[in-house]
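Atom set for the values below is all heavy atoms of this structure, side chains included, hydrogens, waters and symmetry mates excluded.
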Amino acid sequence: MTSAGRFAPSPSGELHVGNLRTAMLAWLFARSMGRQFLLRVEDLDRARAGAEAVQLRDLEAVGVTWDGAVVRQTARSALYGAAIERLTKAGLTYECFCTRREIQDAPSAPHSPQGAYPGTCRNLSTAELEIRRASRPAAIRLRSETAEWTVEDRLHGSYTGVVDDFVLRRNDGVTAYNLAVVVDDAEQGVDQVVRGDDLLSSTPRQAYLASLLGLPIPEYAHVPLVLNRYGARLAKRDGAVTLGELAAVGLAAGEVRDVILQSLGLPAGELGEALGSFDPARLPRGPWIWNGIQQPTLRKGA
Ligand SMILES: [Zn+2]
């Protein structure tokens, strides 16, 4: 089995400097520890025509290279189906017919944390199941036997978070992210997951699911996001944030790469040359604030 890190973008649009920074970090983590680096396109949802090609081109432009062929989740339904079937045979799934509205309006179950699925459909009788099945397609949920789970994160230490009866397959038949990511990482030999810290809160669910499936738990490192000057997640409205947009205002891909490296306390230059200086223990722990093209670091020689 390979030992690998990975970057796994959703092809929903162009990558911005925050996404590129996370990809560069994932690459640095993997390569500095002698791992392979894989590229997986998470196209089960929100795929936009042409976006993948632009994303791959932009990753290469900042020095993020990968081993082997790009893997796409839409080609892997059989793997996800097999995992859900294994859980179902073990009595660890159930059908859920709730609408989004019904879940919002349902009173929370006692002792269950805020935002957790209240378990409305957990114990439907055979008769109830038949009535519900006739009215709408079911989502498949995990029959969780715990309310929380603890993961170890390289940057956050020990992190305990909610595990509820989360969705494994949506009622439109699309595999849920939490299931796909667990199956893919294990099947691809990914033993190190480096990604944005907005995903830290769903990591206990994924690690718990991996343990139920008898799959190894990868090493996690959730890295700080890039925020705009108002402290919100970087977005389109923040001006030039993609390589294409930055090139249009005079900043070449190599210069964007250098600005990102400097934000990490690493020397400017080819990504591979930063490997010698890369030390996870010395990474900045707070978010990087992107002040746009006006920020002094973007004014070369200023
Ligand atoms: Zn339900």
Min side-chain heavy-atom separation Ile103-Pro118 under 4.5 Å: yes

Closest non-hydrogen atoms of Ala235 and Asp238, given as atom of the first, atom of the second and distance, are N-OD2, 2.8 Å

Non-neighbouring partners of Arg57 that pass side chain to side chain contact (heavy atoms under 4.5 Å, CB included), sequence neighbours left out: Val54

Would you sort out whether Thr203 and Arg195 count as a side chain to side chain contact (heavy atoms under 4.5 Å, CB included), showing the intermediate values? CA-CA 11 Å; Thr203 305; Arg195 57 188 179 187; 2.9 Å; yes

Within a 6.0 Å radius of atom CZ on Arg285, are there more than 12 heavy atoms belonging to other residues, nucleotides or ligands? yes

Salt bridge present between Arg205 and Asp164 (N-O < 4.0 angstrom): yes

Heavy-atom distance under 4.5 Å between the side chains of Leu25 and Leu283, does that happen here? yes

Taking all non-hydrogen atoms of both residues, which atom of Val249 and which atom of Ala240 are closest, and how far apart? CG2-CB, 4.2 Å

Go through it in stages, so that I can follow the logic: the residues are Gln188 and Arg6, the test is side chain to side chain contact (heavy atoms under 4.5 Å, CB included), and I'd like the CA-CA distance, side-chain angles, deciding distance and then a yes or no. CA-CA 10 Å; Gln188 292 188 277; Arg6 45 73 155 187; 5.9 Å; no

Assess the residue pair Val151 and His156 against the criterion (side chain to side chain contact (heavy atoms under 4.5 Å, CB included)); give the C-alpha distance rounded to whole Å, side-chain angles, the decisive distance to 0.1 Å, and a yes or no. CA-CA 10 Å; Val151 294; His156 295 261; over 6 Å; no

Give me the one residue out of Leu209, Val163, Thr160 that meets side-chain contact (heavy atoms from CB on, under 4.5 Å) with Trp149. Val163

Note, Ser263 side chain near Arg21 side chain (heavy atom, < 4.5 Å): yes

Is it the case that over 12 heavy atoms from other parts of the model lie below 6.0 angstrom from the CZ atom of Arg233? no

Thr22: side chain to side chain contact (heavy atoms under 4.5 Å, CB included) partners, not counting sequence neighbours: Phe7, Val223

Scan side-chain atoms only and decide if Thr120 and Arg141 contain a donor-acceptor pair under the 3.5 Å cut-off. no

Report yes or no: does Asp165 contribute a side-chain atom to a donor-acceptor pair with the main-chain N or O of Ser144 at less than 3.5 Å? yes

Can you check side chain to side chain contact (heavy atoms under 4.5 Å, CB included) on Arg40 and Leu38, steps first, answer last? CA-CA 6 Å; Arg40 181 170 76 231; Leu38 308 179; over 6 Å; no

Carboxylate-amine/guanidinium contact Asp43 Arg76, below 4.0 Å: no

Taking only residues two or more places apart in sequence, or in another chain, which ones meet Arg101 in a side chain to side chain contact (heavy atoms under 4.5 Å, CB included)? Thr99, Gln104, Asp105

Distance-only, no hydrogens or angles: does the Asp191 side chain make a donor-acceptor pair with backbone N or O of Pro218 under 3.5 Å? no

Say whether Val71 and Val182 are linked into one hydrophobic cluster, either directly or through other cluster members, by side-chain heavy-atom distances under 4.5 angstrom. no

Just so I know, are the side chains of Val64 and Phe37 near enough to count as touching, which here means a heavy-atom distance under 4.5 Å? yes

Is a side-chain donor-acceptor pair under 3.5 Å present for Tyr80 with Asp184? yes

Could you pull out the closest heavy-atom pair between Asn178 and Phe166, with the gap in Å? CB-CE1, 3.8 Å

With a 4.0 Å cut-off, would you call Glu95 and Arg132 a salt bridge? no

Under a 4.5 Å side-chain heavy-atom rule over Ile, Leu, Val, Met, Phe, Trp and Tyr, are Val162 and Val167 clustered together? no

